[in-house]
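Below you'll find the structure, written out as structure tokens, and then a few comments.
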Amino acid sequence: MQIYKVGGAVRDRLLGRPVTEVDWVVVGASAEEMARQGFRPVGSDFPVFLHPQTGEEYALARTERKSGRGYGGFTFFTSPEVTLEQDLLRRDLTINAMAEDEQGQVIDPYGGRHDLQARLLRHVSPAFAEDPLRVLRVARFAARYAGLGFTVAAQTCELMRGLAESGELQALTPERSWKEISRALMEPHPEVFVRTLHECGALGDVLPEVEALFSAGTGQQRLRVLEQCARHDQPLAVRWACLVQDPGAIDNERPESPTSPHLARIDALNQRCKPPRDCQELASLVGQYRVLAQTPESLSPAQLLALLQRFDVYRRPLRLEQFLAACEMEARAQGFASGSHPQGDYLRGAASVARGVTVQPLLAQGYKGAELGEALSREREKALAGYMKAP
Ligand SMILES: Nc1ccn([C@@H]2O[C@H](COP(=O)(O)OP(=O)(O)OP(=O)(O)O)[C@@H](O)[C@H]2O)c(=O)n1
Ligand SMILES: [Mg+2]
């Protein structure tokens with residue numbers, strides 16, 4: 001059997017980027033032989049094994065044939081006769097379809113090195129269409145390497161458009177899509193992920209509520225917000241919360257109304273993509289309170305307290321910080337370049353005043369149960385009233 005390094009490790013070494021994870025392909029071996037050598041199979045019908053010591057993935061050289069719609073519709077054909085070239089041919093991009101042998105010799109039958117030089121994300125063959133997730137992968141690689149000057153080849157974009165038009169993308173599960181979306185949002189150019197999907201006609205399948213913004217004329221604004229998020233190293237929850245907003249749709253009269261179409265959109269995106277809870281919550285909070293948080297001085301002490309309670313600033317201080325970060329990214333994308341965010345500082349100050357009110361003196365006065373809660377709220381409100389009056 002021969003073993004080659006493949007995929008990202010070869011690509012990133014040639015790009016001079018750090019290699020974090022190595023994938024291997026094994027030619028000329030059977031599953032039985034792998035087991036005899038101590039490799040552990042990852043699943044019964046998936047020709048991938050884990051190395052007994054390193055835990056790295058070793059896949060038998062294979063060709064894939066699609067047997068149906070969606071991710072379940074795969075059959076793998078592996079045999080000791082499948083060649084390295086056949087295996088590389090069914091991979092997604094030419095820059096991912098290179099192998100390296102034990103001597104460090106690069107095997108590059110489909111022009112991967114040329115495309116690395118030309119900064120092109122180009123599909124290897126029509127077999128690209130066998131896995132619709134690759135549409136998202138290409139956009140993610142575009143987001144990762146945009147800073148190096150990479151773009152999607154025109155024919156690849158057409159192939160992605162065709163896949164979208166065929167309806168294949170709708171068969172992707174939320175779990176697989178979210179994995180790509182979340183990784184793409186954390187790349188150096190998350191806006192390129194969204195723009196690439198939009199330009200290739202696939203955004204309507206992946207994030208239809210975001211695609212709709214492009215028809216409404218506010219799509220570019222979303223791209224600018226994502227750009228700011230990356231520039232300021234924001235965490236995933238902030239990036240997701242910013243992606244799903246639509247300031248154009250906010251009902252300025254009743255921004256916090258839970259029935260607003262703006263919040264319905266955000267809910268729809270949360271349900272479609274099923275991100276982790278903190279992402280979902282932050283997206284909703286930003287949708288609900290961003291407008292209110294622009295003028296916190298106009299709130300009464302009771303309203304200010306209600307806002308802080310809603311954020312649970314006592315137990316979840318990070319959530320208010322992430323909310324304020326999202327508001328700041330939004331402001332920056334609109335051209336307000338202020339490094340300090342006065343409303344943010346005001347709310348932070350209010351949160352620390354509310355947190356400063358402790359329960360011990362009330363316990364000492366004999367308050368218990370519901371009465372204790374009410375007394376605590378009164379004290380906090382009083383403290384906030386003092387804070388608001390302070391010069
Ligand atoms: N849907 C997919 C997933 C993976 N691959 C192939 O399998 C390799 C390894 O996949 P993966 O580790 O997911 O991607 P990498 O290219 O290694 O990139 P990353 O740096 O994100 O790990 C890819 O390079 C590509 O050749 C593919 O063709 N189609
Ligand atoms: Mg990899």
Side-chain angles (χ1 to χ4, degrees), residues 1-15 21-31 34 42 45-49 56-142 145 150 152-163 166 168-169 176 180 200:
M1 72 170 84
Q2 302 96 47
I3 296 179
Y4 302 88
K5 218 179 252 180
V6 275
V10 181
R11 176 196 69 222
D12 285 334
R13 185 180 70 75
L14 292 172
L15 275 175
E21 163 220 90
V22 184
D23 301 293
W24 305 86
V25 66
V26 183
V27 178
S30 63
M34 294 298 282
V42 299
D45 45 34
F46 210 66
V48 179
F49 298 80
E56 287 174 339
E57 281 191 9
Y58 286 68
L60 291 182
R62 64 191 193 232
T63 55
E64 261 155 18
R65 247 166 271 124
K66 232 179 129 75
S67 60
R69 229 176 129 93
Y71 190 49
F74 270 123
T75 50
F76 296 108
F77 174 75
T78 71
S79 106
E81 276 77 55
V82 174
T83 65
L84 181 62
E85 283 71 18
Q86 284 172 328
D87 178 276
L88 296 175
L89 181 68
R90 57 92 198 161
R91 291 176 182 261
D92 53 1
L93 296 172
T94 58
I95 63 166
N96 291 342
M98 293 182 279
E100 200 179 304
D101 67 16
E102 277 150 21
Q103 285 76 46
Q105 197 84 350
V106 175
I107 298 115
D108 176 22
Y110 306 110
R113 264 178 304 201
H114 170 275
D115 287 341
L116 278 181
Q117 290 265 311
R119 302 304 202 220
L120 271 181
L121 302 171
R122 189 206 304 272
H123 65 284
V124 182
S125 79
F128 179 92
E130 286 175 2
D131 182 5
L133 189 74
R134 288 170 170 172
V135 172
L136 277 73
R137 278 175 62 90
V138 172
R140 171 164 68 80
F141 284 118
Y145 298 127
F150 276 85
V152 181
Q155 301 97 314
T156 303
C157 191
E158 283 319 302
L159 195 61
M160 288 160 71
R161 187 184 305 284
L163 267 167
S166 73
E168 280 280 328
L169 292 183
R176 285 189 92 207
E180 290 299 324
C200 296

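Note that the coordinates shown come from a computational prediction; the quantities given were computed from them, not determined experimentally. Scope of the values below: all heavy atoms of this structure, side chains included, with no hydrogens, waters or symmetry mates.
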With no hydrogens and no angle check, do the side chains of [X] and [Y] hold a donor and an acceptor under 3.5 Å apart?
| X | Y | result |
| --- | --- | --- |
| Glu81 | Ser79 | yes |
| Asn96 | Arg91 | no |
| Trp24 | Glu57 | no |

Do [X] and [Y] come close enough that some side-chain heavy atom pair is under 4.5 Å?
| X | Y | answer |
| --- | --- | --- |
| Phe141 | Ile95 | no |
| Lys5 | Glu56 | no |
| Val106 | Arg113 | yes |
| Asp101 | Gln2 | no |
| Leu88 | Met98 | no |
| Leu89 | Thr63 | no |
| Asp23 | Glu21 | yes |
| Met1 | Tyr58 | no |

Shortest non-hydrogen separation from [X] to [Y] and the atoms involved:
| X | Y | value |
| --- | --- | --- |
| Val27 | Val82 | CG1-O, 3.6 Å |
| Tyr110 | Glu85 | OH-O, 2.7 Å |
| Ile3 | Glu102 | O-OE2, 4.0 Å |
| Ala127 | Arg134 | O-NH1, 3.1 Å |
| Val124 | Ala97 | CG2-CB, 3.7 Å |
| Ala99 | Leu84 | CB-CD2, 3.9 Å |

For His114, does its backbone N or O pair with a side-chain atom of Gln117 as donor and acceptor, under 3.5 Å?
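Not confirmed, Gln117 side chain does not pair with His114 backbone.
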
Could you check Leu121 against Thr156 for side chain to side chain contact (heavy atoms under 4.5 Å, CB included), going step by step and ending with a plain yes or no?
CA-CA 8 Å; Leu121 302 171; Thr156 303; 6.0 Å; no

Among Leu93, Val138, Asp92, Thr94, which residue satisfies the side chain to side chain contact (heavy atoms under 4.5 Å, CB included) criterion with Arg122?
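The passing option is Thr94.
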
Can you list the steps and then say if Tyr145 with Arg119 is a side chain to side chain contact (heavy atoms under 4.5 Å, CB included)?
CA-CA 9 Å; Tyr145 298 127; Arg119 302 304 202 220; over 6 Å; no

My understanding is that only residues two or more places apart in sequence, or in another chain, count here; which of them pass side-chain contact (heavy atoms from CB on, under 4.5 Å) with Glu180?
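For Glu180, the residues satisfying side-chain contact (heavy atoms from CB on, under 4.5 Å) (neighbours in sequence not counted) are Leu133, Leu136, Arg137, Arg140.
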
Could you tell me whether Asp131 and Arg176 have a side-chain N and a carboxylate O separated by less than 4.0 Å?
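Judged by the 4.0 Å cut-off on N to carboxylate O distance, Asp131 and Arg176 do form a salt bridge.
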
Using a strict cut-off of less than 4.0 Å between a Lys/Arg side-chain nitrogen and an Asp/Glu carboxylate oxygen, indicate whether Glu100 and Arg13 qualify as a salt bridge.
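Counted as a salt bridge, because a side-chain N and a carboxylate O are separated by less than 4.0 Å.
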
Tell me, with the steps shown, if Val6 and Arg11 meet side chain to side chain contact (heavy atoms under 4.5 Å, CB included).
CA-CA 8 Å; Val6 275; Arg11 176 196 69 222; over 6 Å; no

Start with the C-alpha distance between Phe49 and Val26, add both sets of side-chain angles, then the distance that settles side chain to side chain contact (heavy atoms under 4.5 Å, CB included), and finish with yes or no.
CA-CA 10 Å; Phe49 298 80; Val26 183; over 6 Å; no

Could you give the distance from CZ (Arg161) to CD (Gln155), rounded to the nearest 0.5 Å?
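Here the rounded value is 13.0 Å.
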
